[in-house]
Each structure stands twice: as C-alpha cells, then as structure tokens.
Engineer: 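Input: one structure, supplied below.
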Amino acid sequence: MADTEPMATGPAGSLPAGILPAGILPVGDAAFPLARVEHLMGTAVGIRIRDAGVAPEALAGAFAWLRDVDERFSTYRPDSEISRISRGELPEREASLDVRQVLALCDELSAETGGAFDARRHRSDGSLDPSGVVKGWSVDEAAQLLDAAGARNFAINAGGDIVVRGEPAPDRGWRIGIRHPGRADRVARVLEVRRGAVATSAAYERGEHITLAHGRAASHELLSVTVVGPSLTYADAYATAAFAMGLRGLAWVTRHPGYGVFAITADERVLFSEAVEPLLADPAA
Amino acid sequence: MPVSVLPKRGVIAAAITALGLALLFSFKTPEQTLPALGNRSGGTEGGANGTGATGANGGTGGTVSNRNRSPAATPTPTPAPQGGQGGIPDGTVTGPTVQTQFGPVQVQITFSGGQMSDVQALQLPVDHPRSAQISSYVQPILRQEVLQAQSAQIDLISGATYTSYAYTQSVQAILDQVNG
C-alpha cells in the first residue's frame, strides 16, 4: 500500500483552510447552485459555480475530464500511458495528443526555467512523472470547459492552486487568502481576483518536494511564492521554479507578461510585483 | 472527556473525509449537510499520482497510530451524516499533541447535533527557518512590506501546509476516541 499512502496527504492538505476559524470566515457554498469536491490528482479538487443557469452537466463534465486525466497520467496505474512510456512500451510519438501536449509543456517549462523546474521527472527517483504540470494544465482545460458551458462566475481549487472567473457575490472578486507560513490560522494577504490563476509553492507544502536540477537544494530565502496570471499551468510552474531559485526567481517571474508574483521571505517580509499590487485586498472588507 | 454513544465507523470515516475536503474549499459547515463526495477516492491507485506522491511529510507524526485508514484511502459509500442522528453528545473533544519536525500540532473538535461543528487548532508550529542575510537584498522591481498575520474573510486559500498530516492525525485520534 506504499503507493497509495501519499493519498493520506491529499485531503489533509486541505485542512489548513479549515484551521482558519479564528477570525477567517469562509463563504459557504449556499450561494453556489453548483458545487462539488472530489479527491483527484492526489489532492482535493473543488469547483463552485455561481451562475444559476448553468446545467449540472457542465460541472459533471469538468469532473469527468479531471478524472480521465488523473487516470491517463497516473504513475501508479501500470496500464496508464505514462507508465507505458516510462517502461519503454509506448513511444512518446505514439501517445495520445494530450500526453504529447503535456510532455511538450514539460520540456518548454524545463528549458525556460533553466532546469530549475524539471517538469518531466519525479523529484526523487527521476522517473517519468509530469504530474507537476498535469494539475495546472488539466484545471486550465476544465475552466475552458466551464467557459464553453456558459459559466461566467466560478472557481476551481485544486489543492490550493486556483482558477477563478467573475465574482462569487455581486460587485466583488474572489477573495483568495495567501496562507501565512507560520500561522495556519491567519493569512499573509488577500488577493481579490476576477479572472485568472493563482498558484503557491512553499516550503510548508508537502515537505521539501522542490529540488533544483542536479540535486541541488532549493533556496532557503523564501518561505512561499505565489504567482498570479492568466494560466494555472504557467503560474504553477513559475511559482515552483521561483521558489527553487530564491529571490532572483521573483524578478524572473515578472519578466513574463501578465504574471505577477507575491513572496514571503524567510526574514518575514512580503515582496510583491506591480501586477499584484492592484489585487491586494483590504482584509477587513 | 468520555463519550459513549457513537455512530458507525463508516459514518465517522465519511465525516472526516467530508471534513477534509470541505475545509480545503473553505467551507465552514456548522449544522449543514456536508458536500457530496466523489466515490472515486476509495481504492483507486490513480488518485495518488499527483504532486503528493513524494509523501515527504508523512513520516514525522509520532504519537498517533497511523494504521487507521486515512480519509482519502477509505472508500466512503456511506453518505455523509445528517445532523442529529449521529448520537455524539454535544461538546468539545481535544486531540493528542502530534509532534512534527516543525513543532507540535493539536486540535479540538466541537460536536453539535451529532456533527462536527467546529475545529480549532490549539497548537501549531510557529517557528520557521530564518536567513538574516536577506534583508539587505531587495529587488528594485518589487515592493516590500512587513509580513502580517491577518484575519480576513476569504473565499479560497492558496497554499497547503506542512502541518496537515499531523492535523489529520489529531482529528482522527479525536474521532477514534469519540468512536470508543
């Protein structure tokens, strides 16, 4: 059961949001005609749709897509495409379009991050494991499915990596708390976002899962890096890479048009780029 | 606090699974039906292929037995419990302190009407590594401010936590205790 044991950390990773009752008052799901949470991709994935006119099939379709991706990209299922490629039984060029697209994304991101984010490989044993890219990519795709189904106000939260559209309530964006690194019952800041993706990479997230290429340890200058931008695929990759690179990685993120960065340093400061500043919300609002 | 009259274990398993999933999505669920759960979490190896596959934080909790099936690994065909039929007396139960490499974690659960109505963290690690050299190094393109610990009304939260595994263990210990 060793392979399935990490699942114990999946929904558990969700719990911090729940340790927040001391002053943090999440909006419940009563306002959302369509809302569901499932355990997928090693974490809890939740979707909330506020639009009353959206068919329930849209929500079901988004989850069906995510489940399908979960199966096809599984490194634990011996018959998955990833497992077959890993064993040399399936040439990459003969894999499905989705798998080829994800592996190409992995290579693109690895190159762009100078190897700081080796997206193809499992972080400890070097086996083929594109799951670091699959989550963001599949959630981006799920958001497009919901767009196409007419949803205009919704949020997808995949283990703390988030895509939002529109508003959860009239006249305000989605209020996304950035977890405080030392106090699980507090947030460092709140970003109010109406369209886009928010991904956080942090030392507190599933142990020390981030290592640079060639076995170098990640920088210890930063406690967490949050990236905001149009795509969760890239926001997630940039956050992971910047966290590994340290302070210089923050400047690197800002060189990507449309992407902003918010970081918490080991000496207890917050740093944020110009693109993030207009998103910072009044905590008392 | 001794509690004697208890629901079936499956109900508890469903409840803790629902708790975990619900809390990720920042639901607060006092006295309400917990959100529907996907049944796929049980017994599907594929569910573990995400970024949690390293399981790096799984080995540090010491004092609570881990042989209890995790919420994620437990098939939960039983629907989430409805209020009032669980048989758990109203009151508050405190879990054991679970040690992690970052410090102790301890939680307290309040039961009301047969459901978990609140979960509070009594202890969480507060210390983290510091690097004194960083202050002199500021990127000119980045604004900087002092880190604050804010209370705020939020819809979602970005970033998981290293305490989550121990947190789950402490919650599980309470449910085991409640379950007799």
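Chain letters run A, B, ... following the sequence lines, proteins first, then strands; residues in each count from 1.
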Engineer: Tell me if the CD atom of B/Glu145 is crowded by more than 12 foreign heavy atoms within 6.0 Å.
Structural biologist: yes

Engineer: If you count heavy-atom pairs within less than 4.5 Å of chain B, which of A/Ser80, A/Ser273, A/Ala188, A/Pro130 leads?
Structural biologist: A/Ala188

Engineer: With distance as the sole test, does A/Ser224 use its side chain to make a donor-acceptor pair with the main-chain N or O of A/Ala202 at under 3.5 Å?
Structural biologist: no

Engineer: Which atoms of A/Ala199 come close to chain B, meaning under 4.5 Å heavy atom to heavy atom: side chain ones, backbone ones, both, or neither?
Structural biologist: backbone

Engineer: Tell me, side chain or backbone of A/Val164 under 4.5 Å from chain B's heavy atoms, or both, or neither?
Structural biologist: side chain

Engineer: Counting only heavy atoms closer than 4.5 Å, note whether A/Ile162 contacts chain B via side chain, backbone, both or neither.
Structural biologist: side chain

Engineer: Run the side chain to side chain donor-acceptor pair (under 3.5 Å) test on B/Gln144 and A/Arg269 for me, step by step, so that the C-alpha distance in whole Å, both residues' side-chain angles and the decisive distance to 0.1 Å come before the verdict.
Structural biologist: CA-CA 7 Å; B/Gln144 74 161 321; A/Arg269 290 175 299 142; 2.4 Å; yes

Engineer: Side chain, backbone, both or neither: which part of A/Val134 has a non-hydrogen atom closer than 4.5 Å to chain B?
Structural biologist: neither

Engineer: Taking only residues two or more places apart in sequence, or in another chain, which ones meet A/Thr254 in a side chain to side chain donor-acceptor pair (under 3.5 Å)?
Structural biologist: none

Engineer: Quick one: side-chain contact (heavy atoms from CB on, under 4.5 Å) partners of A/Ala169, sequence neighbours excluded?
Structural biologist: A/Arg172

